[in-house]
Amino acid sequence: MKKIKIINGLAFCSLSANAFAQNPVIQTHFSPDPAPMVYKDKMYVYTGDDIPGYDFYYMTKWRVHSSEDMVNWTDHGVPISLESFSWARDRAWAAQCVQRDGKFYWYICAQTVDNNMAIGVAVSDSPTGPFKDALGKPLVTTGTWDNIDPTVFIDDDGQAYLYWGNSKLFYVKLNKNMTSYDDKITEVPQSVEAFGGLRRPGKSEDVLQKQEKFNDVYVEGPWFYKRNKKYYLMYAGMTDRTECLSYSTSSSPTGPWKYQGKIMTDQPTNSFTNHGGIIDFRGKSYLFYHTGLLPGAGSYGRSTAIEEFKYNADGTIPKITMTKEGVNPVRILNPYQRNEAETIAWSEKCSTSENKKTGVFVSDIRVGGYIKVRAVDFGKGVSEFSASVAAGLDGGILEVRLDKTDGQKLAEIEVPRTGGWEEFKTLTSKITESVSGVHDVYFVFKGKNITAGRKLFNFDHWSFQKK
Ligand code: FUB
């Protein structure tokens, strides 16, 4: 892991200038090292959490978001953090969650009290938790820094494989309980044929980067999966300057691996690392990766981005370029049910928080901010809008507009003091405007005699009534 200087967002330095942006898909927090998982027709993405303003990967927690449509992402908060693992001390790095027999196993890596990196596993009955450390101790600890970036795949015969490693690549066959192994840990031999390049052993990453020009090489962030009987290992590879996303394939889950090339390289991601995951959902294939393109972000402020792609007929993966538009909705959203305010396609000037009583809610709402929700199907017409909001002070206005921040205004709710910032009340506004069909909905935050600075109100959920 190379320490580099924070570079402020370059290409995407203003959110407002990118009204049609969908990437990165989460704007309320940083969301590095995305690991997608599909469960019951819903996409989940498990991420880390870069802390704003630091110059290394000093991370302390892991987050999960979900989406039914690939564009509106619901924040499920922070189900696990370093505190969840009694043996962990720092560096809550890349992780992946997989499902087996209705249980969810979230493989994480973290720094141990003896300053090494180890892999642990938390377990839950639900994809969003609560999770608890399955073992009370690491699953893999070998007294080195090699033990990062776990990826787990369960093969058709039921055998689960755990791959991981920084610069070295290891695997072990997991037992059926997913939290132990009897097998020995195997180091995967690296070669030009397997991973496109070869590091000379015994050299630090700094020396290697200055002295050696790589065609490619295995660095970190493995992502192991199978498609049409072929095993794929995507990983962060290396160009001269920065990481790229590369992949190798095999006809067996344990190799030998054959280098297939770079999937994404030389993109203006504003981040040294790129950590990816690949998954199919509703008949489409997606690449998840991270960039450092939110305002004030960079290599230590990274966010999840998604691109759709199509496999070539022979199963190879095409070159993928990053976009700010991201992906299209694969479903429409029903406004006539309770929708969480923290289900967001794009947002500005707000964040999310959670407490025991309410769960996750939108917080830190400021004048000039907004939430965009994409592809909302109003059908034949609406009569009423309701929102659950809380405010310790008055002065906030929630406007509901169609298709843009200054689009047709459907409703307006003036938020009074509700008895506290977490005392939520449901307020309703009649709708007289005529609206039908599919629209993007904007919740626009305005102040009454408040121009900037203090928070206006918190926002938990919303719904419309049909006409
Ligand atoms: O996020 C911390 C580390 O950076 C991850 O473990 C690596 O994959 C790289 O993305």
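Counting starts at 1 for both ligands and their atoms, in listed order.
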At under 4.0 Å between heavy atoms, what of Pro32 touches ligand 1? The answer is neither
Nearest non-hydrogen contact with atom 7 (C) of ligand 1 belongs to which option: Thr273, Asp49, Asp149? Asp149
Tyr442 vs Tyr370 aromatic rings, parallel, tilted or perpendicular, using cut-offs 30° and 60°? tilted
Ring geometry between Phe56 and Tyr300 (parallel below 30°, tilted from 30 to 60°, perpendicular above 60°): tilted
Salt bridge check, Asp156 against Lys226: does any charged N sit closer than 4.0 Å to a carboxylate O? yes
Are Tyr171 and Phe224, when compared by the centres of their aromatic rings, separated by less than 6.0 Å? no
What atoms of ligand 1 come within less than 4.0 Å of a heavy atom belonging to Met59? 1 (O), 2 (C)
Would you mind listing which atoms of ligand 1 come within a distance below 4.0 Å of any non-hydrogen atom of His290? 10 (O)
Output yes when the distance from some N or O of ligand 1 to some N or O of Tyr57 is under 3.5 Å, and no in every other case. no
At a 4.0 Å cut-off, with the gap strictly under it, does some heavy atom of Arg302 reach an atom of ligand 1? yes
Donor-acceptor contacts, no H, no angles, side chain residues 44-51, under 3.5 Å, sequence neighbours left out:
from, atom 1, to, atom 2, distance (Å)
Tyr46, OH, Pro127, O, 2.6
Asp49, OD1, Arg63, NE, 2.7
Asp49, OD1, Arg63, NH2, 3.3
Asp50, OD1, Arg302, NH2, 2.9
Asp50, OD2, Arg302, N, 2.9
Asp50, OD2, Arg302, NE, 2.7
Asp50, OD2, Arg302, NH2, 3.4

